[in-house]
Peer 1: 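Handing you this structure, nothing more for now.
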Amino acid sequence: MVMKAFRNFFRRIFSSLFKGKKELKLGFYGPPNAGKTSLANRICKDFTGEEIGSVSKIPHETRSVQFKEKVQIEYKGKKMVFKMIDTPGIATKIDYEDFLKYKMKKKDAKNRAKEATQGVVESIKWLDDMDVVVIVLDATQNPYNQVNLTIIGNLVARKIPVLIVANKIDLRKASIKKIEAAFPEYDVVGISARYGKNLEEFYESVFKLSRNV
Ligand SMILES: Nc1nc2c(ncn2[C@@H]2O[C@H](COP(=O)(O)OP(=O)(O)OP(=O)(O)O)[C@@H](O)[C@H]2O)c(=O)[nH]1
Ligand SMILES: [Mg+2]
């Protein structure tokens, strides 16, 4: 245990001394349909010209972990390099019948449910590997639920820095305040990933959180 801590410590010092800037692993986590991929796409598009994955109004669009390496984010003259990691939405219950209302065939719905379940397992497995995590929540939804509490609890236990994003603030029902009230000990940034609203404050918070990693 102590040896491992020592090794990690020296590895960090060496990599920062000799390899230039370290690439931080920035994970996007949260419930399905909150806008994780929309946000990750916007960042990737702005700084690399490419997107990370597909977006859909049907939940569980992302069903396996997606990566984009060496994304250099520039903000107010400062630069940081990230490995962006978009993860499948975490849910406690995945029912294929929920997909039928999107006019999906039964066979496709069942397959989507199966893949989505594997995706949840994969998301949780990857948590340990993150340097910084952005939890993306849909600000029109009630933030008090099992999924959000479980993700945050896991990150706290692993001492991984967390930023909470209240997404979809372009919608009238959105409430940043409700999310702030639910998670008072965290930095909450209200954005619209779809319309690119308030991303400056988002980058500011990501940089602040990443500086000490
Ligand atoms: N109005 C509004 N809609 C948004 C915003 N961000 C994302 N959406 C929509 O929300 C839906 C889900 O977006 P995704 O980016 O696929 O969400 P996700 O969290 O990656 O979802 P999963 O991959 O299923 O976990 C899509 O229809 C998006 O267009 C936003 O800021 N405002
Ligand atoms: Mg997604």
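Both ligands and their constituent atoms are indexed starting at 1 by order of listing.
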Peer 1: Between the candidates Pro31, Ser38, Ser123, Gly30, which shows the shortest non-hydrogen contact distance to atom 7 (C) of ligand 1?
Peer 2: Ser38

Peer 1: With heavy atoms under 4.0 Å as the rule, classify the contact between Ile191 and ligand 1 as side chain, backbone, both or neither.
Peer 2: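 Answer for Ile191: neither.
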
Peer 1: Which is closest to atom 16 (O) of ligand 1 in terms of heavy atoms, Gly53, Ser56, Gly190?
Peer 2: Ser56

Peer 1: Using the side-chain contact (heavy atoms from CB on, under 4.5 Å) rule, pick out the option among Lys114, Glu122, Glu115, Gln118 that qualifies with Arg63.
Peer 2: Glu115

Peer 1: Do any N/O/S atoms of Thr62 come under 2.8 Å of the Mg ion (ligand 2)?
Peer 2: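 Yes - counting backbone and side chain alike, Thr62 has an N, O or S atom under 2.8 Å.
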
Peer 1: Consider ligand 1: state whether an atom of it lies below 4.0 angstrom from any non-hydrogen atom of Pro59.
Peer 2: yes

Peer 1: At the 4.0 Å heavy-atom cut-off, does Asn167 count as touching ligand 1?
Peer 2: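 Asn167 counts as a contact of ligand 1 under the 4.0 Å cut-off.
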
Peer 1: Mind checking whether the Mg ion (ligand 2) has an N, O or S of Thr37 under 2.8 Å?
Peer 2: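 A backbone or side-chain N, O or S atom of Thr37 is under 2.8 Å from the Mg ion (ligand 2).
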
Peer 1: Closest by any non-hydrogen atom to atom 17 (O) of ligand 1: pick that one out of Gly35, Ala116, Ala166.
Peer 2: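 It is Gly35 that holds the nearest heavy atom.
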
Peer 1: Relative to the ring of Tyr75, is the ring of Tyr203 parallel (under 30°), tilted (30 to 60°) or perpendicular (over 60°)?
Peer 2: tilted

Peer 1: Would you tell me whether Ser54 and Glu61 have side-chain atoms, one donor and one acceptor, within less than 3.5 Å of each other?
Peer 2: yes

Peer 1: Select the closest option to atom 10 (O) of ligand 1 among Lys197, His60, Glu61, Lys168, judged by heavy-atom distance.
Peer 2: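 Going through Lys197, His60, Glu61, Lys168 one by one, Lys168 has the nearest heavy atom to atom 10 (O) of ligand 1.
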
Peer 1: Ligand 1 and Ile58, any nitrogen or oxygen pair closer than 3.5 angstrom?
Peer 2: no

Peer 1: Out of Asp138, Val165, Thr140, Asn33, who is nearest to atom 22 (P) of ligand 1 when you count heavy atoms only?
Peer 2: Asn33

Peer 1: Closest by any non-hydrogen atom to atom 31 (O) of ligand 1: pick that one out of Gly196, Gly119, Ala40, Ala193.
Peer 2: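 Among Gly196, Gly119, Ala40, Ala193, the closest heavy atom to atom 31 (O) of ligand 1 belongs to Ala193.
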
Peer 1: Ligand 1 versus Asp170, non-hydrogen atoms closer than 4.0 Å: side chain, backbone, both, neither?
Peer 2: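 The part of Asp170 near ligand 1 is the side chain, not the backbone.
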
Peer 1: Going by atom types only, do Ser64 and Gln66 share a side-chain donor-acceptor pair under 3.5 Å?
Peer 2: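 Yes, Gln66 and Ser64 have a side-chain donor paired with an acceptor closer than 3.5 Å.
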
Peer 1: List the closest protein heavy-atom neighbour of atom 28 (C) of ligand 1: residue, atom name, distance to the nearest 0.1 Å.
Peer 2: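 Nearest neighbour among protein heavy atoms for atom 28 (C) of ligand 1, to 0.1 Å: Val55 CG1, 3.7 Å.
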
Peer 1: Quick one: does Pro32 get an N or O within less than 3.5 Å of an N or O on ligand 1?
Peer 2: no

Peer 1: Measure from the ring center of Tyr29 to the ring center of Trp126 and say whether it is less than 6.0 Å.
Peer 2: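 Between Trp126 and Tyr29, which both carry aromatic rings, the centre distance is not below 6.0 Å.
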
Peer 1: Just by distance, do the side chain of Asn167 and the backbone of Leu137 share a donor-acceptor pair under 3.5 Å?
Peer 2: no

Peer 1: Out of Ile135, Ile85, Thr37, Ile43, which residue meets the side-chain contact (heavy atoms from CB on, under 4.5 Å) rule with Phe28?
Peer 2: Ile43

Peer 1: Check each of Arg194, Lys36, Gln66 against atom 18 (P) of ligand 1 and report the one with the nearest heavy atom.
Peer 2: Lys36

